[in-house]
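Quick caveat: nothing in here was measured; it's all calculated off a predicted structure.
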Amino acid sequence: LPGCEARTPVRVIVDAEARTPVNSNVVTLARPSPTWVFVAPDAPEERVKALFQRGVLVLTAEREASGRLDLADVLFQMGGLGISSVLAEGGVRLSRSLLEAGMVDEATIIVSEDTAGGEVPELPLTELSDPEAFHIVSGRSFGKDRLLHLARIDGRTSIHDIRLPVRPIRRPIAEPL
């Protein structure tokens with residue numbers, strides 16, 4: 001929005017193989033809306049270059065043994081670049097990884113009898129329903145559906161409290177023009 005450029009959130013994509021389509025809205029709007037893509041050090045160079053040429057800041061993050069990007073590394077680098085709050089709108093794999101790693105401070109979930117888009121993938125919701133880890137801050141009903149806002153209560157209030165290895169911030173593979 002005009003006049004709010006300094007408050008524009010940074011859009012961050014975790015994409016080990018740099019598969020984000022260069023014609024997607026998130027990439028085509030990268031110049032007016034800051035967009036970062038974290039890739040693995042071995043991501044295909046031609047894909048990385050294509051993202052860079054469209055104004056995306058491409059950064060590298062280490063891989064875990066599973067081959068996925070190390071989310072602790074991603075968040076550590078984001079913190080070093082001034083990002084102190086993250087709204088994760090990812091799919092089930094990102095949500096599951098963040099929950100399993102204990103990197104979720106708050107969660108907003110919709111409880112519904114219906115599914116959107118077919119089969120519902122399994123999430124580790126047992127952690128969210130653990131009364132010693134999270135509590136319900138607020139809730140609203142929308143017909144049969146319920147929207148719940150949960151917050152962590154187990155003493156850790158931020159990703160900054162997770163012990164991360166001390167490592168330098170890596171230089172980006174490519175910076176936007």
Side-chain angles (χ1 to χ4, degrees), residues 6-22 24-27 29-31 33-109 121-128 130 133-134 150-177:
R7 295 185 48 134
T8 299
V10 175
R11 298 176 301 177
V12 178
I13 300 166
V14 178
D15 181 5
E17 306 301 329
R19 284 184 247 163
T20 303
V22 294
S24 63
N25 282 342
V26 72
V27 173
L29 297 173
R31 293 200 195 283
S33 300
T35 303
W36 301 352
V37 176
F38 279 90
V39 301
D42 59 346
E45 192 174 325
E46 66 280 356
R47 291 185 198 161
V48 169
K49 187 176 180 180
L51 290 168
F52 161 73
Q53 289 173 336
R54 285 160 180 80
V56 172
L57 175 63
V58 181
L59 301 126
T60 57
E62 296 300 320
R63 286 187 188 266
E64 296 178 333
S66 68
R68 293 186 184 146
L69 290 184
D70 181 347
L71 294 178
D73 186 24
V74 169
L75 293 174
F76 179 80
Q77 290 188 60
M78 289 172 61
L81 294 168
I83 304 295
S84 61
S85 178
V86 175
L87 169 63
E89 295 183 281
V92 69
R93 284 192 303 185
L94 179 62
S95 300
R96 179 186 294 121
S97 296
L98 289 168
L99 279 167
E100 288 175 348
M103 297 179 183
V104 176
D105 297 327
E106 297 179 39
T108 300
I109 60 172
E122 289 188 36
L123 276 172
L125 296 177
T126 52
E127 182 182 347
L128 288 175
D130 179 356
F134 286 88
L150 300 108
R152 183 173 291 284
I153 58 170
D154 64 2
R156 190 176 69 237
T157 58
S158 145
I159 184 65
H160 302 290
D161 294 332
I162 295 174
R163 298 265 184 230
L164 297 174
V166 177
R167 48 190 131 160
I169 299 299
R170 284 174 202 67
R171 295 196 46 80
I173 289 178
E175 294 187 26
L177 304 172

**Message:** Tell me every residue that passes side chain to side chain donor-acceptor pair (under 3.5 Å) with Ser33, counting only those two or more places apart in sequence or in another chain.
**Reply:** none
**Asked** How about Val86 and Met103: do any of their side-chain heavy atoms sit closer than 4.5 Å?
**Response** no
Exercise answer: donor-acceptor pairs, residues 13-21 side-chain atoms, under 3.5 Å, sequence neighbours excluded:
unit_1 : atom_1 : unit_2 : atom_2 : d
Asp15  : OD1    : Ala18  : N      : 3.2
Asp15  : OD1    : Arg19  : N      : 3.0
Asp15  : OD2    : Arg19  : N      : 2.6
Asp15  : OD2    : Thr20  : N      : 2.6
Asp15  : OD2    : Thr20  : OG1    : 2.7
Glu17  : OE2    : Arg63  : NH1    : 3.3
Glu17  : OE2    : Arg63  : NH2    : 2.5

Closest non-hydrogen atom pair, [X] against [Y]:
| X | Y | result |
| --- | --- | --- |
| Ala40 | Thr60 | O-CG2, 4.4 Å |
| Pro41 | Ala61 | CD-O, 3.3 Å |
| Val27 | Val22 | CG1-O, 3.4 Å |
| Ile153 | Phe134 | CG1-N, 4.0 Å |

**Asked** Where do Leu71 and Leu94 land on the side-chain contact (heavy atoms from CB on, under 4.5 Å) test, with the steps shown first?
**Response** CA-CA 9 Å; Leu71 294 178; Leu94 179 62; 3.8 Å; yes
**Request:** Kindly determine whether Arg11 and Leu29 satisfy side-chain contact (heavy atoms from CB on, under 4.5 Å), including the steps that lead there.
**Result:** CA-CA 10 Å; Arg11 298 176 301 177; Leu29 297 173; 3.7 Å; yes
**Request:** Going by the side chain to side chain contact (heavy atoms under 4.5 Å, CB included) test, name the single residue among Val74, Leu51, Ile83 that passes it with Trp36.
**Result:** Ile83
**Request:** From the options Leu81, Asp73, Val39, select the one residue that forms a side chain to side chain contact (heavy atoms under 4.5 Å, CB included) with Leu59.
**Result:** Leu81
**Item:** Residues that Ser66 engages under side-chain contact (heavy atoms from CB on, under 4.5 Å), provided they are two or more places apart
**Value:** Glu64, Arg68
**Request:** Measure the spacing between CD of Glu106 and OG of Ser85 and express it to the nearest 0.5 Å.
**Result:** 8.0 Å
**Message:** Can you tell me how far apart CG (Asp70) and CZ (Phe38) are? Round to the nearest 0.5 Å.
**Reply:** 11.0 Å
